[in-house]
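Everything below concerns the one structure shown next.
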Amino acid sequence: LKKEKIIYVNNILQWPTSSLINVIYEQFYKVIIIIPYIFITNVLNLCKGSRSIVENYQSLLQKENFDIKSHVIITCLVPAEEILENFFIMLKECTKGYSKFSYYFFEYKEADIVKVDIIINKRIIDNLAFLTHKKNSVKKSEAFLKKLSEVLKKQLYVIRISTCIGSKIIKSITIKE
């Protein structure tokens, strides 16, 4: 916070207004991934797409044949948001299930995290708000609105749903009868 006060947010309702925020820190986890060598490009692309920082990767050789690279150990730092969301599922998909994955808390890093509010018919619904990295806010807002429009069936009246950061509307949809 701007008054040099540190707060830990455990609930979205505790999130302060943006005018009070000086810096935001996000949890990063050290992730160790063991995969077959043929999937290294897929996993490095996954790490790149999930705001991860690849620290190191090294080859392991087969015991029988020391000329063939068998497996790779990748060590990287991954934001907590990505691990909680879908990192493990995407890892299993891009390695066809042939991966080992472990992680532990490493450090807090400065991040550009924003609160995305959901507005339904001009009313902010606090329980639907979510936190995300600013560069992912549009994509996640679109996905959220798409899912919400599938859940909410057409009504006898028009439903207008918007996502916003502060007072700026990111995306809007209208569900008509």
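Since we're looking at a predicted model, the values are computed, not measured.
- Heavy atoms from other residues, nucleotides or ligands lying under 6.0 Å from NZ of K140 number more than 12.
- For the atom pair Y25 OH and I6 CD1, the distance stands at 7.5 Å (nearest 0.5 Å).
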CA sep, side-chain torsions, deciding dist, call: K30, E55, salt bridge (Lys or Arg N to Asp or Glu O under 4.0 Å): CA-CA 9 Å; K30 182 158 285 206; E55 289 186 325; 2.8 Å; yes

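- Between I32 atom CD1 and K100 atom NZ the span is 13.5 Å, to the nearest 0.5 Å.
- Of all heavy-atom pairs spanning I7 and Q14, the tightest one is CD1-O, 4.3 Å.
- Annotation: side chain of V78 is not in contact with side chain of C47 (no heavy-atom distance under 4.5 Å).
- Across all their heavy atoms, A129 and I118 have their closest contact at N-CG1, 4.2 Å.
- With sequence neighbours excluded, the residues forming a side-chain hydrogen bond (donor to acceptor under 3.5 Å, both in side chains) with E26 are R51, listed by chain and number.
- Closest approach of I33 to V31, counting heavy atoms only: CG1-CG1, 3.6 Å.
- Residue pairs meeting the ring-ring contact (aromatic ring centres under 6.0 Å, His included) criterion with at least one member in residues 133-153, sequence neighbours excluded: F130-F144.
- Open room surrounds NZ on K134; 12 or fewer heavy atoms of other groups in view lie less than 6.0 Å from it.
- Heavy-atom minimum distance, C94 versus F39: O-CD2, 3.5 Å.
- For E142, the side-chain hydrogen bond (donor to acceptor under 3.5 Å, both in side chains) test picks out no residue, with sequence neighbours left out.
- Both Y37 and Y57 are assigned to one and the same hydrophobic cluster, defined by single-linkage of ILVMFWY side chains at heavy-atom distances under 4.5 Å.
- Minimum interatomic distance between S149 and I175 (heavy atoms only, all atoms of both residues): CA-CD1, 3.9 Å.
- Scanning for side-chain contact (heavy atoms from CB on, under 4.5 Å) contacts around I124 gives D117, I119, D126, with sequence neighbours left out.
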Determine whether F101 and F88 satisfy the following criterion, ring-ring contact (aromatic ring centres under 6.0 Å, His included), listing intermediate values before the conclusion. CA-CA 8 Å; F101 171 83; F88 183 67; 5.3 Å; yes

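- Counting heavy-atom neighbours within 6.0 Å of F106 CZ, excluding the residue itself, gives a total above 12.
- P79 is not listed as a side-chain neighbour of Q27, based on a closest heavy-atom distance of 4.5 Å or more.
- In terms of the ring-ring contact (aromatic ring centres under 6.0 Å, His included) criterion, residue partners of Y29 (sequence neighbours excluded) are, by chain and number, Y103, F105.
- Residues L128 and I120 are in side-chain contact: their nearest non-hydrogen atoms beyond the backbone lie under 4.5 Å apart.
- Proximity of T174 to V158: side-chain heavy atoms (C-beta onward) are separated by under 4.5 Å at one or more points.
- In the hydrophobic clustering of ILVMFWY residues, with side-chain heavy atoms under 4.5 Å counting as a link, I169 and V138 come out apart.
- At least one side-chain heavy atom of K109 sits under 4.5 Å from a side-chain heavy atom of L77.
- L84 shares a hydrophobic cluster with no other residue; no ILVMFWY side chain has heavy atoms under 4.5 Å from its own.
- The shortest side-chain heavy-atom distance between I165 and I170 falls under the 4.5 Å cut-off.
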Side chain to side chain contact (heavy atoms under 4.5 Å, CB included) assessment of R160 paired with S172: CA-CA 7 Å; R160 179 124 178 111; S172 292; 3.4 Å; yes

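- Under the 4.5 Å side-chain criterion, counting only non-hydrogen atoms from C-beta, I40 is in contact with L44.
- For the pair L145 and T163, the minimum side-chain heavy-atom distance is below 4.5 Å.
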Run the numbers on I161 and L148 for side chain to side chain contact (heavy atoms under 4.5 Å, CB included), then give the verdict. CA-CA 9 Å; I161 307 169; L148 194 58; 3.8 Å; yes

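- Checking T132 against E81 by side-chain atom types alone, a donor-acceptor pair falls below 3.5 Å.
- With rounding to the nearest 0.5 Å, the separation of CD1 in I34 from CD1 in I73 is 5.0 Å.
- Linking ILVMFWY residues whenever their side-chain heavy atoms come closer than 4.5 Å, directly or via other members, places L13 and W15 in the same cluster.
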Is there a side chain to side chain contact (heavy atoms under 4.5 Å, CB included) between L91 and V43 once you walk through the steps? CA-CA 7 Å; L91 177 65; V43 174; 3.9 Å; yes

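- Remark: side-chain polar atoms of S99 are not paired, donor with acceptor, to backbone N or O of T95 under 3.5 angstrom.
- S52 contributes atom OG, which lies 6.5 Å from atom CD of E82 (distance to the nearest 0.5 angstrom).
- In this structure, the separation between SG on C164 and NZ on K171 is 15.0 Å, given to the nearest 0.5 Å.
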